[in-house]
Amino acid sequence: MEKYRNTIEYEVHGIYALFSDPVTRVGGEKSSYHIPTYEALKGITESIYWKPTIKWIVDAVRVMNPIQTETKGMRPIKYNGGNELAYYTYLKDVCYQVRAHFEFNLNHPELEADRNENKHHNFAKRMVERGGRRDIFLGTRECQAFAGPCVFGEGESYYDDMPGEVSYGFLYHSITYADEAELPEERDKMTVNFWRPVMKAGGVIEFLRPEKCPEKRFIKEMKRRVFGQKDASGSQKLNEEKVTN
């Protein structure tokens, strides 16, 4: 597994996690995948440090604790009245090591002046040491988590002596938004990506890049955001009109 020069490594842990399997949500129930999704780990990494100039690529995750679940009876908010009981199945006592690196987001030429690799890498490393810039959650708001620096691969994992590999079949990977689309056919679109993850000895799962996922589903048309423009008052505004690169 390649380690890039702007790589960051961190450990994230929490009492519960809920990486929802969309198949289980149809009836109002929620059940977690046994492993974190690429999109969830990318969101955690962006909570540690993010700027529109860069985009994070999650390279791998290492599962440190045994995979175990706990089902709870929950009463979700019903905005149209009523009092329902739903069962949510969480992962319990989770801990992951994550390795990720960033690339410059070429879909934002208006931010070219901010493409300073050393600056963003140093900021990201400092934010890892401080536990992130924003609150961190493992899949959903009620599953608060905490992050800190680590060396990926060091320390004992429950799966260090696991014989062979574990395949998790067909799973959700991530969503590609127009802002970060790499492939020409994904420009100005929202696309959902699927893959077939495999956990190897040591609890390590190496991720495919979103554009290399073998299965994709088009969701809707969307326009990329344009940063750095100002309105008549001189304050910054977000212009969502399409800009030709």
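All values below come from the heavy atoms of this structure, side chains included, with hydrogens, waters and symmetry mates left out. From a predicted model like this one, the values you see are computed outputs, not experimental measurements.
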Check: A181 main-chain N/O paired with R187 side-chain donor or acceptor under 3.5 Å: yes

NZ/K200: more than 12 non-hydrogen atoms of other groups inside 6.0 Å: no

Greater than 12 external heavy atoms within 6.0 Å of K119's NZ: yes

Over 12 non-hydrogen atoms of neighbours within 6.0 angstrom of CG in L183: yes

Side-chain donor or acceptor of E11 paired with backbone N/O of V98 under 3.5 Å: no

Qualifying residues under side chain to side chain contact (heavy atoms under 4.5 Å, CB included), relative to E156, sequence neighbours excluded: D160

Whether over 12 other heavy atoms sit under 6.0 Å from Y4 OH: yes

Side-chain donor or acceptor of S20 paired with backbone N/O of P22 under 3.5 Å: no

Within the 6.0 Å centroid threshold, strictly below: Y90 and Y16: yes

For N6, the option from H120, E103, H101, E117 that meets side chain to side chain donor-acceptor pair (under 3.5 Å): E117

Polar side-chain atom of R62 near backbone of E154 as donor-acceptor pair, under 3.5 Å: yes

Stepwise side chain to side chain donor-acceptor pair (under 3.5 Å) check, Y88 with T140: CA-CA 12 Å; Y88 292 2; T140 188; over 6 Å; no

Over 12 non-hydrogen atoms of neighbours within 6.0 angstrom of CD in E112: no

Sidechain-backbone polar pair: H34 side chain, L91 backbone, donor-acceptor under 3.5 Å: no

Ring center gap for H108 and F227 short of 6.0 angstrom: yes

Candidate pair N105 and T53, rule side chain to side chain contact (heavy atoms under 4.5 Å, CB included), full reasoning: CA-CA 6 Å; N105 191 341; T53 311; over 6 Å; no

Ring centres under 6.0 angstrom apart (Y49, W56): no

Distance-only polar pair, side chains of T71 and T89, donor-acceptor under 3.5 Å: yes

Check: T7 side chain, K3 main-chain N or O, donor-acceptor pair, under 3.5 Å: no

Ring centers of H173, Y38 separated by less than 6.0 Å: yes

Within 6.0 Å of OH in Y158, more than 12 heavy atoms from elsewhere: no

Donor + acceptor pair across side chains of N193, S174 (<3.5 Å): yes

